[in-house]
Every structure is written in C-alpha cells, then in structure tokens.
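The structure appears below as structure tokens.
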Amino acid sequence: ERVLFPPTFSVSEIKNKQRRHFMFQRWKQQQRKEKLALKKKRKKEREALGDKAPPKAVPKTIENQRVYDETTVDPNDEEVAFDEATDEFAPYFNRQTVPKILITTSDRPRGRTVRFCEQLATVIPNSHVYYRRGLALKRIIPQCIARDFTDLIVINEDRKIPNGLVLSHLPDGPTAHFRMSSVRLRKEIKRKGKEPTEHVPEVILNNFTTRLGHSIGRMFAALFPHDPQFIGRQVATFHNQRDYIFFRFHRYIFKSEKKVGIQELGPRFTLKLRSLQKGTFDSKFGEYEWIHKRREMDTSRRKFHL
Amino acid sequence: LSVPQVVWSMLGNRQFCSYKMTTKTQNFCRNEYNLTGLCNRSSCPLANSQYATVREEKGRCYLYMKTIERAAFPRRLWERVLLSKNYEKALEEIDENLIYWPRFIRHKCKQRFTKITQYLIRIRKLTLKRQRKLVPLRRKIERRENRREEKALIAAQLDNAIEKELLERLKQDTYGDIYNFPIHAFDKALQQQDAESESESDAEREEDDEDDEDVDKREFVEAEDSELSDFEDMDKLETSSEEEQEEEEEGEKKASHSKSKGKTPLKGPARRKRPYIEIEYEEETEPSTKTKAA
C-alpha cells in the first residue's frame with residue numbers, strides 16, 4: 001500500500017548552469033505571481049468586509065520587538081526625578097552654571113581631526129580648542145577646573161581620522177567614552193547651508209529611554225547653554241537608535257504650520273557608548289558605572305541599553 | 001692561502017651567503033655577530049678569524065670575541081665579557097680586552113656600544129611617558145557594527161524625526177510669538193475669545209500681528225514693500241514703513257545670512273501675505289519701493 005508520488009525534479013539538481021539559472025528564474029517569476037495573486041485576493045476580501053475587516057497587521061520591527069529593559073524611565077517616576085535633582089547636572093539644570101567646554105585631541109592630531117575640532121567648536125557655543133602637546137590628562141583636569149570649565153571633550157585619533165570621543169563633566173562629573181564613526185566634515189555634506197552662526201542652538205534628544213540613556217542625554221544637554229536663541233533657528237540633534245547616537249546640526253525654517261524645512265549645516269557623526277565612569281577621567285582607578293561587555297551584552301539582537 | 005681568505009673569496013662575491021642582503025646601493029649582513037651590519041671583507045664574522053662585537057641582552061651589554069685558536073671548537077668560539085653599566089668604565093674595559101687588536105675592530109666596537117647605550121636610554125625614557133595602547137580590531141565585529149549602524153540610520157529616519165519634533169515644539173508654543181501662522185493665530189485668538197471679551201482680543205490680535213510682522217519683516221522678508229498687502233491695519237504700516245525699512249537695513253546684514261541660507265534650498269520662506277519678490281534683486285529694487293511707498 002505504498003503511495004507513489006510522481007517523479008518531481010528540483011531546480012538544484014540540474015547540472016547545466018545556464019539551464020539551471022533559467023529554470024530558477026522561471027520558478028521565481030511563478031512565485032512572484034502567486035504572491036501577487038494572494039495579495040490581491042486578500043485586498044479584495046478586505047474591501048468586501050468593509051468596516052468589519054480586522055485591523056491591518058503591524059509589521060514587526062526591531063524597535064517593536066525590543067527586549068523590555070527594566071531600567072526604562074517612566075516620565076512620572078519620582079525616584080528618577082529625585083535622582084536627577086541631586087546628581088552632578090543639577091547645577092546646570094538649575095541654571096547656576098554656564099557651560100564652558102574645552103575641546104582637545106590625542107597627541108599629534110592630523111588634518112581631519114584638527115578640522116573636525118574646529119567645526120565642533122563652532123557648533124557648540126562657548127567652547128575652546130586647545131592642542132594637546134603631550135600633556136597628561138590627569139594634569140589638564142585640575143587646571144581646567146581652576147579655570148572654570150564645565151566640560152572636557154577629548155577626540156581620539158587613529159590614522160588621521162577621529163574615532164573616539166571622551167566626554168567628561170568637569171567638576172567631578174561622569175565621564176563617558178564613545179566610539180565615533182562616520183564623521184563627515186562640513187565640506188563633505190551635500191546640500192549644506194552656510195556656516196553656523198553664533199546663536200545658541202536648540203537641542204533635541206530623541207529616544208533616550210533607559211536610566212543610562214537618560215544620564216547620557218543629560219550629559220549632552222549640559223554641553224549647550226540653557227536658553228536657546230530662537231532667532232538663530234539652529235538645532236542640534238542627538239538621536240539614539242539601537243544604541244547608536246546620531247548627531248546632526250540643522251537650520252530649520254517653518255514654511256507653514258504643518259511644514260518645516262531643515263537644512264543640514266555643521267559636522268555630523270555617530271557615537272556608540274563604550275563606558276561610563278563615575279568620576280573624571282581615570283582609566284586605572286576609576287569607578288565604572290557601565291562598561292560595554294561584548295560577550296554578555298551583544299548576545300541578543302533586540303536588546304539595547306540606551 | 002689562509003682559510004678566511006678562501007671563505008671570503010667564496011662567500012663574499014661569488015657564491016651564496018645566506019646572511020647577505022643586497023639592495024640597490026649596498027650589501028647588508030644579517031649575521032647577529034656582525035659589527036657594522038654591512039657585508040664587507042673586514043666586517044664579515046665568517047671571513048675573519050679574529051673578530052669582536054658588542055651585543056646587548058635584556059639591557060646589559062656584552063663584548064663577544066673570537067680568536068683563531070678556538071676556530072676548531074665552535075661551541076667555545078665566542079667568548080663573552082659583561083661590560084659595566086658605567087659608560088666610561090665600559091669603554092675602558094673594551095680597550096683592555098681588545099688590546100693589540102686591529103684598530104678597526106676596536107673603534108667599531110666602541111661605536112656600536114655607544115649606539116646601544118643611547119637607544120637603551122631612550123627606551124627607559126619612553127616607558128616613563130604615556131604609551132599608546134594598541135587595541136586590535138576584530139574584523140568580524142567591525143563589520144557587524146558598521147552594518148548595524150547603517151541599519152540603525154535607516155530606521156532612525158532622522159529628517160522626519162527632527163521635523164516632527166520641531167513641529168511639536170511649535171504646537172506647544174515653546175517659540176512664543178515669533179512665528180505667526182494663520183491657523184495658529186486663529187487658534188490663539190479663539191482661546192483668547194473664550195477667556196476674554198471680543199474687543200480686547202481684537203486689539204491684542206492687531207498688536208500681535210503688528211509685532212509679528214515687524215519681526216517677520218526683519219527675519220524673512222528683505223525686499224519690503226507694503227503697497228499690495230491686504231492687512232486691516234494698513235494705515236499703521238504705511239506710516240511706519242520707512243522706519244521698518246531702515247531697521248531692515250540694519251537687520252539685513254545680520255539676518256540676511258540666516259535668511260538667504262534658509263532660502264536657497266527651500267525656495268523662499270513663508271510668503272503667505274506678500275507678493276513674491278525675488279531676493280536677488282532686493283538691493284536694487286529697494287530705493288524704488290521706498291519711493292513707491294512714500
């Protein structure tokens with residue numbers, strides 16, 4: 001009582017490459033046709049049902065499927081609010097301090113890095129660029145504190161391109177170490193506008209949901225003066241997507257109430273957080289709040305920390 | 001015919017010597033006991049039965065010597081003498097040990113010893129300074145991160161996100177009175193009507209409009225002329241048009257930067273109430289408009 005199946009053939013068993021290719025293409029076309037027919041049928045059914053049709057299925061995206069992070073900040077959380085009122089950025093957010101930034105590089109910076117530093121200095125108001133000349137960071141930091149700097153940015157360079165960023169909030173504040181990639185200088189940006197003016201830009205921080213993301217977001221916000229000058233119409237954006245922070249600098253203009261046009265000026269780069277340290281920069285004895293551990297943290301594709 | 005001479009006549013020019021490296025200009029010798037590093041008749045350790053070198057190991061320098069008497073015993077061929085850490089004393093020791101040796105070897109030994117001590121000093125100095133830590137990149141991980149970054153960029157849809165955020169802020173009135181849109185102003189007026197009486201709200205609206213228009217003029221519109229405007233408060237505008245135009249010129253230089261930038265890709269700002277006048281001609285048409293207005 002054995003059931004006999006007709007002798008089928010599969011496309012992969014044909015030895016001749018040309019014929020195999022041809023048969024495969026034909027099979028593919030058939031598949032596409034079937035898929036189209038299925039879609040049409042479904043659409044018709046949907047229209048036929050009219051109001052009673054079931055709602056459209058939402059496609060799964062990585063953001064949808066993101067593993068729930070227990071440290072996600074709830075906007076109404078009192079504990080978080082209390083923490084933020086008492087952490088190192090409180091003086092900034094209470095408008096007691098004005099940000100003053102020192103930008104520097106690693107030893108012997110090369111062309112791109114130097115130009116990037118200059119452009120970054122134009123983007124961030126009240127910032128100064130100083131060359132490193134072989135000075136140890138541990139000795140720079142007390143001097144900076146003495147001269148009233150609030151933040152220190154060190155851009156690390158490798159083979160003539162900037163590839164790392166250390167952002168340290170000075171009077172004893174947290175230090176964040178980022179990996180920087182896809183740095184575009186002003187002249188490499190297409191359709192860019194004229195130079196950024198001296199107006200204080202607005203700041204947009206997108207998608208910083210967890211506690212860690214929140215503190216990083218506050219670090220970025222503390223770089224810019226609190227009161228933006230809307231006349232300048234400039235906006236600096238830090239957008240976090242899947243643990244990559246994209247920085248853009250735009251000029252916007254409201255064409256109408258529902259429409260705004262933006263024009264990119266200024267450099268752009270992406271950052272990925274590597275570690276967050278509690279005190280100022282100290283690689284040996286620092287107390288690390290968060291380090292990216294590849295083996296443990298990169299296991300799931302839908303798990304993000306910022 | 002001495003053995004070293006035979007050796008040299010073979011290895012030096014004619015046959016193969018594995019230590020010899022030839023370049024366009026020079027021949028080098030890779031033998032570790034070579035004194036100068038070049039392939040010469042006098043520097044070849046194989047072709048000289050009496051030879052000496054200085055070599056360093058783990059920061060200490062040794063003087064190596066080779067004599068004819070020990071040529072038959074390869075294991076005992078090279079005699080090693082530890083040199084003192086003191087530079088001058090070590091030089092004296094070299095002289096002592098190589099007394100009655102050819103001048104060339106003595107001189108070259110001392111030169112080599114000097115060079116070695118200099119680079120040892122440099123090593124010790126450099127280790128005290130900060131050292132660059134080289135972290136090797138893992139290719140697979142780098143590729144993975146780059147790919148993920150690209151995908152994240154696409155998923156982020158930055159332009160849309162920024163535009164949305166800006167419009168949100170506009171709606172929530174963070175910009176205050178700077179921008180004046182018809183629906184916006186109408187909504188505001190409605191709210192004011194709900195709260196207060198009509199006449200007051202009208203007056204406020206007019207004032208708002210005027211203020212906004214003044215600011216608008218400075219911001220958006222450079223080639224100002226008020227002849228074709230359809231405002232209710234045109235009278236006020238005409239009288240103040242001259243002042244505005246003067247203010248314009250002052251504000252032009254500062255604002256022209258931002259305006260022209262906003263204009264070039266975006267094809268003109270909101271020109272809802274005025275007729276469209278090309279910006280490029282603003283300077284030329286201004287005097288004519290002034291006369292018109294007057």
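In what follows, chains are A, B, ... by sequence order, proteins preceding strands, each numbered from 1.
The pair A:Arg294-B:Glu145 does not count as a salt bridge, with every side-chain nitrogen at least 4.0 angstrom from each carboxylate oxygen. A salt bridge links B:Arg169 with A:Glu202; the closest basic N to acidic carboxylate O contact falls under 4.0 Å.
Using a 4.5 Å cut-off between heavy atoms, B:Glu142 touches chain A through its side chain atoms alone. Looking at A:Ile245, there are no atoms closer than 4.5 Å to chain B (heavy atoms on both sides), in backbone or side chain. Contact of A:Glu264 with chain B is not made at all, since no heavy-atom distance falls under 4.5 Å. At a 4.5 Å heavy-atom cutoff, B:Lys164 makes no contact with chain A through either its backbone or its side chain. For a residue to count as touching a neighbouring chain, one of its non-hydrogen atoms must lie under 4.5 Å from one of that chain's; by this rule B:Leu153 touches chain A with backbone and side chain alike. At a 4.5 Å heavy-atom cutoff, the contact between B:Leu158 and chain A is made by side-chain atoms alone.
At least one side-chain heavy atom of A:Ile262 sits under 4.5 Å from a side-chain heavy atom of B:Leu166. Counting heavy atoms from C-beta on, the side chains of A:His250 and B:Asp159 come closer than 4.5 Å.
Panel note: side chain A:Tyr244, backbone B:Glu150; no donor-acceptor pair is recorded below 3.5 Å.
Heavy-atom neighbours of A:Gln65 CD from other residues, nucleotides or ligands within 6.0 Å: above the threshold of 12. Within 6.0 Å of the CE atom in B:Met21, the count of heavy atoms belonging to other residues, nucleotides or ligands does not exceed 12. Residue B:Arg60 places its CZ atom among more than 12 non-hydrogen atoms of other residues, nucleotides or ligands, all under 6.0 Å distant.
Contact between B:Ala156 and A:His239 at its shortest, heavy atoms only, is CB-NE2, 3.6 Å. Shown here for B:Glu149 and A:Ser182, the closest heavy-atom pair between the two residues is OE2-OG, 2.5 Å.
Put simply, of A:Asn207, A:Thr270, A:Val260, the one with the most heavy-atom pairs under 4.5 Å next to chain B is A:Val260. In terms of non-hydrogen atom pairs under 4.5 Å with chain A, the most contact-rich of B:Arg144, B:Glu165, B:Lys129 is B:Glu165. With chain B as partner, the option from A:Arg301, A:Glu63, A:Arg179, A:Gln234 having the largest number of non-hydrogen pairs under 4.5 angstrom is A:Arg179.
Distance CG/A:Asn163 to CG/B:Leu137: 8.5 Å, rounded to 0.5 Å. B:Arg148 contributes atom CZ, which lies 8.0 Å from atom CD1 of A:Ile62 (distance to the nearest 0.5 angstrom).
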Exercise for review: Would you please test B:Lys151 and A:Arg242 for side-chain contact (heavy atoms from CB on, under 4.5 Å) and show each step?
Suggested key: CA-CA 9 Å; B:Lys151 298 214 162 175; A:Arg242 302 182 195 175; 3.9 Å; yes
